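Computed from a prediction, not measured in an experiment: that's the story for all the values here.
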Amino acid sequence: MKFRVWVLLLNWNNGRDTVECLDSIRLCTDPEIAGVVVCDNASRDDSCEAIRAWAAGAGVTLPEHQWLDGRFALAGGDVSVGQSATRPHCLIHTGNNLGFAGGNNVGLRWLTVQNAGFDAVFLLNNDTVLEPGAVTAVARRMVADRRVGMAGCTVAYYHQRDRVQAWGGATFARWFARAAHIGAHAPIDLVPEVQQVEARLDYVLGAALAISKECLDAVGLMEDCYFLYFEEIDWAERARRAGFTLGFVPDARVWHKEGGSTGSSADTAKRSLLSEHYLARSAIRFTRKFYPWFLPTVLAYQLMKAAQAVLNGDAGRAWVRLRAVSGLPFVAHAAP
């Protein structure tokens, strides 16, 4: 019996990257790809028009659904799945900017409601490009070891293709609520030892995260209280506590533009203030939920980062982080 994987993308004001990602999936002949779901988080640009134009040009039937008041309503196209000559695709309008977890959760709910039939869901950032064979490699790993509830790929930089962003995911220092990508900036041709990576893997990078149906059924949807960041860390924490392991599939490659929608970046100077706010806020929320005894050190770390920003002459970044630590909402240009 074939292992069926649905690919799930979340779009927000970034149709151009989403179309490139969709086209990379279309060019993958991996037989395990059962279908593709795109969730749009109430984009204010021409994203949906761009996605529709891509589907028309690619010969893809694109039924559209609206998530409204806790249910799905047909918004256009054909309500059923699997009737197109190509893989089934679907565009879902979430109705609001629900954040990373909330938007993806709508897609996960749709797969269940539609009885689409899947053994795993592969969450991909819309600013990624999928390499042929990646889904097959991930499926092979999950079939070989059913304990693997979540699996990650070799995620490399789209604009610097000889360098790795992460081998599968990251380590996570709970006392500071700080993550570090495994294999960051390593040469793409360097072959890592899988067991060594998995021994260090605290969570799978959300840019390319496969979750088995067994794991999804056991731990439920992503926690949407974060809005942005820490959703995949929370998910991995729950998966481990439910008895699942995290896997790394080195020969599954994904190219990532990094921060295409949110302005996130590993380089603090390039990170948007909105991104800075949610990093701090989500770190505190995660710690309070799972490791409250580490709250003093996590708060101290956040205050240290704010002080560091002041010393670097970036009062706006310090102010945004202090507001997040205080539980205050994000306000653009809030620096005094």
Side-chain angles (χ1 to χ4, degrees), residues 12 97 99-101 125 127 155 157 160 163-186 200-207 209 222-237 256-336:
W12 182 69
N97 185 4
F100 181 77
N125 270 22
D127 61 343
V155 181
Y157 290 107
Q160 193 180 5
R163 294 292 160 183
V164 169
Q165 181 186 5
W167 285 331
T171 59
F172 184 70
R174 293 164 180 81
W175 47 93
F176 294 136
R178 181 181 181 184
H181 289 171
I182 301 171
H185 306 293
R200 300 175 59 200
L201 195 59
D202 286 322
Y203 70 91
V204 174
L205 195 66
L209 187 162
M222 279 191 281
E223 175 58 72
D224 60 10
C225 77
Y226 299 106
F227 188 77
L228 194 62
Y229 304 119
F230 279 77
E231 307 95 334
E232 67 265 53
I233 307 176
D234 183 296
W235 225 9
E237 187 72 34
H256 188 204
K257 296 173 186 176
E258 192 186 20
S261 295
T262 64
S264 62
S265 174
D267 185 347
T268 303
K270 296 179 181 179
R271 188 182 299 148
S272 72
L273 294 183
L274 182 67
S275 176
E276 195 83 21
H277 168 83
Y278 282 113
L279 271 173
R281 192 188 77 161
S282 296
I284 294 167
R285 288 191 173 185
F286 174 86
T287 304
R288 185 175 288 119
K289 178 179 179 180
F290 290 106
Y291 299 100
W293 51 91
F294 285 135
L295 266 175
T297 53
V298 170
L299 288 170
Y301 176 76
Q302 294 298 329
L303 294 174
M304 182 199 74
K305 295 295 289 185
Q308 188 179 58
V310 171
L311 292 175
N312 290 335
D314 195 345
R317 198 169 298 278
W319 186 248
V320 164
R321 192 176 283 267
L322 287 173
R323 285 182 64 87
V325 169
S326 302
L328 297 173
F330 174 78
V331 177
H333 311 296

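We find the NE2-OG1 distance between H181 and T171 to be 9.0 Å, quoted to the nearest 0.5 Å. For the atom pair CD of E276 and CZ of R317, the computed distance is 5.0 Å after rounding to the nearest 0.5 Å. In this structure, Y203 OH and I233 CD1 are separated by 4.5 Å, a value rounded to the nearest 0.5 Å. The CZ atom of F294 sits 9.0 Å away from atom OG1 of T287, with the distance rounded to the nearest 0.5 Å. One finds the CG atom of L322 at 10.0 Å from the CG atom of L328 (value rounded to the nearest 0.5 Å). Within the model, atoms CZ of R285 and OH of Y229 stand 15.0 Å from one another, a figure rounded to the nearest 0.5 Å.
Between N97 and W12, the closest side-chain pair of non-hydrogen atoms falls below 4.5 Å. Two residues are said to be in side-chain contact when any heavy atoms from C-beta on lie closer than 4.5 Å; V204 and E232 fail this criterion.
Considering only residues two or more places apart in sequence or on other chains, F176 meets the ring-ring contact (aromatic ring centres under 6.0 Å, His included) condition with Y301. In this structure, the side-chain hydrogen bond (donor to acceptor under 3.5 Å, both in side chains) partners of Y226, at least two apart in sequence or on a different chain, are D234. In this view, R174 and Y291 satisfy the side-chain hydrogen bond (donor to acceptor under 3.5 Å, both in side chains) rule, not counting sequence neighbours. For the side-chain hydrogen bond (donor to acceptor under 3.5 Å, both in side chains) test, no residue two or more places apart in sequence or in another chain qualifies with N312. Judged as a ring-ring contact (aromatic ring centres under 6.0 Å, His included), and not counting sequence neighbours, the contacts of F286 are F172, F230, F290. Residues satisfying the side-chain hydrogen bond (donor to acceptor under 3.5 Å, both in side chains) criterion with E231, sequence neighbours excluded, are absent altogether.
Between F227 and F100, the distance separating the two ring centers is not shorter than 6.0 angstrom.
A distance-only check finds no donor-acceptor pair linking the side chain of R281 to the backbone of G327 [under 3.5 Å].
Closest of all the heavy-atom pairs between A101 and M222 is CB-CB, 3.8 Å. Residues L299 and V325 share a closest heavy-atom pair of CD2-CG1, 3.8 Å. The shortest non-hydrogen separation linking L228 to S282 is O-OG, 2.8 Å. Closest approach of A306 and A318 over heavy atoms only: O-CB, 3.2 Å. Across A166 and L205, no two heavy atoms sit closer than the pair CB-CD2, 4.1 Å.
Between the side chains of K305 and Q302, no donor N or O sits under 3.5 Å from an acceptor N or O.
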Can K289 and E237 be said to form a side-chain contact (heavy atoms from CB on, under 4.5 Å), step by step?
-> CA-CA 11 Å; K289 178 179 179 180; E237 187 72 34; over 6 Å; no
Could you walk me through whether V298 and W175 pass the side-chain contact (heavy atoms from CB on, under 4.5 Å) test, one step at a time?
-> CA-CA 6 Å; V298 170; W175 47 93; over 6 Å; no
Evaluation steps, side-chain contact (heavy atoms from CB on, under 4.5 Å), between I182 and V164 | CA-CA 9 Å; I182 301 171; V164 169; over 6 Å; no
